[in-house]
Every structure is written in C-alpha cells, then in structure tokens.
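Down below is the structure, laid out as structure tokens.
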Amino acid sequence: MRLEKINLKRTCSFYISEFHLSTLLLPYITDKVRRNIQVETFLEDSIKSNIEKVIRGINIEEYIKKDIMKIDWSNFELTKYSKIVDRIKVEDRDINIIVAGSKEYIENINISLNKLIENLNAKGLRDKINVTINNCYPVKEVLSVKEILDKHDLLLNTSGEVEIDTVFQDYRKVSNI
C-alpha cells in the first residue's frame with residue numbers, strides 16, 4: 001500500500017479589528033463546516049464573543065451555527081509543540097487551520113505546524129489530506145504586505161480564497177529559482 005502525503009496550501013488575510021476578523025472568517029468557515037472539513041484555530045486574542053454576535057445575525061442552518069460554535073474561538077497561548085500536536089487530529093478529512101495574531105505569533109505557530117506536517121509526511125498517511133493554513137494579520141502590524149504575500153499561495157477575503165493578484169493587481173510573486 002502506498003502512503004500518502006499532506007497537500008499544503010497557505011492563505012493570508014488582513015484585518016482591522018477582531019470584529020472585522022470574525023466577519024471575514026464566518027462565510028469561509030461556514031463553507032468549510034458544510035463540506036465537513038475539520039477547522040482548528042490558533043488565535044492570539046479570543047474572538048469568541050464576536051463570533052457569537054455575528055452568528056446570531058446571519059441566516060444559516062442551526063446545525064451549522066452549532067458546529068461553528070464548537071470551534072475553539074478563544075485565545076491559544078504559545079506553548080510547547082506538543083500542545084499544537086494535541087490540538088490537530090489528523091484523520092481522514094481535510095483540515096483548515098486559522099492562525100491570527102501578531103507576525104511573531106503567526107511565525108511561531110507556523111514553525112510548529114510545519115514541523116508537524118514534516119513529521120506526518122515522513123511517516124506517510126493512509127488517506128490524502130489537504131491542509132490549508134490561513135494566516136490572518138492585523139493591519140496595524142503589517143509593515144510589508146509584499147513580504148507576507150510572498151509567503152502565501154492565495155488571499156482570503158469575504159469572497160473566500162482568491163488569487164493574490166486579483167486584489168493586489170501590481171503584485172508579482174518572487175520565485176526562488
């Protein structure tokens with residue numbers, strides 16, 4: 001039997017406030033829940049109360065609202081790699097990971113996520129798994145948008161995942177040849 005590897009995709013987004021982050025993520029997360037994709041969060045600051053407010057005001061099925069509220073929207077403190085491993089349960093379905101916070105926080109979480117994916121790929125998986133890491137940056141901390149865009153495949157906005165150059169028309173990704 002041939003063992004599979006994880007197919008990894010990275011998206012980025014920019015938000016003005018925690019409430020803006022909540023409204024940005026909710027349509028996207030709703031789609032992921034409908035498609036039975038596992039959603040995990042690593043948030044520097046809790047957005048639970050904002051998610052609760054926004055979810056009350058949208059018109060979606062009650063079971064979807066309940067599933068969205070089962071997601072952990074509270075803050076996740078930077079801790080040991082083992083805590084991140086415990087949080088991500090790799091089974092037989094795709095995984096969507098939301099990472100939101102300062103650039104330093106995102107980089108630290110991503111280091112652990114990369115290590116986890118490398119370890120899983122080294123062992124091999126029974127089923128092909130797609131993992132999407134959505135890195136969400138607060139606008140007030142972004143000094144170089146291009147630097148962030150260069151590290152990601154797509155941009156996440158209220159329309160979902162879009163090609164970066166559809167929003168940033170002059171953007172050209174630097175290739176590492």
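Values in this document were obtained by computation on a predicted structure and should not be read as measured data. Values below: every heavy atom of this structure, side chains too, minus hydrogens, waters and symmetry copies.
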ask   = Can a donor-acceptor pair be found between the side chains of Asn135 and Arg10 at a distance below 3.5 Å?
value =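 Looking only at side-chain atoms, Arg10 and Asn135 do not form any donor-acceptor pair under 3.5 Å.
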ask   = Are a donor atom and an acceptor atom from the side chains of Asp72 and Thr41 found within less than 3.5 Å of each other?
value =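 Looking only at side-chain atoms, Thr41 and Asp72 do not form any donor-acceptor pair under 3.5 Å.
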Test item: [X] side-chain N/O and [Y] main-chain N/O as donor-acceptor pair under 3.5 Å:
X      : Y     : answer
Trp73  : Ile68 : yes
Asn121 : Ile6  : yes
Glu40  : Ile95 : no

query = Are Thr23 and Tyr15 close enough that some pair of their side-chain heavy atoms sits under 4.5 Å apart?
reply =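 Answer no - side chains too far apart.
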message = Counting only heavy atoms not in Glu107 (residues, nucleotides, ligands), do more than 12 fall under 6.0 Å from its CD?
response =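 Atom CD in Glu107 is packed in, count exceeds 12.
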Under 4.5 Å between side-chain heavy atoms, hopping through other hydrophobics if needed: is there a path connecting [X] to [Y]?
X      : Y      : answer
Val131 : Phe76  : yes
Phe19  : Val139 : no
Leu156 : Leu26  : yes
Val99  : Ile71  : no

query = Step by step, would you call Asn75 with Tyr105 a side-chain hydrogen bond (donor to acceptor under 3.5 Å, both in side chains)?
reply = CA-CA 12 Å; Asn75 70 313; Tyr105 179 85; over 6 Å; no
Intermediate values then yes/no, salt bridge (charged side-chain N to carboxylate O under 4.0 Å, His left out), Lys115 and Glu118 = CA-CA 5 Å; Lys115 183 177 175 183; Glu118 284 174 20; over 6 Å; no
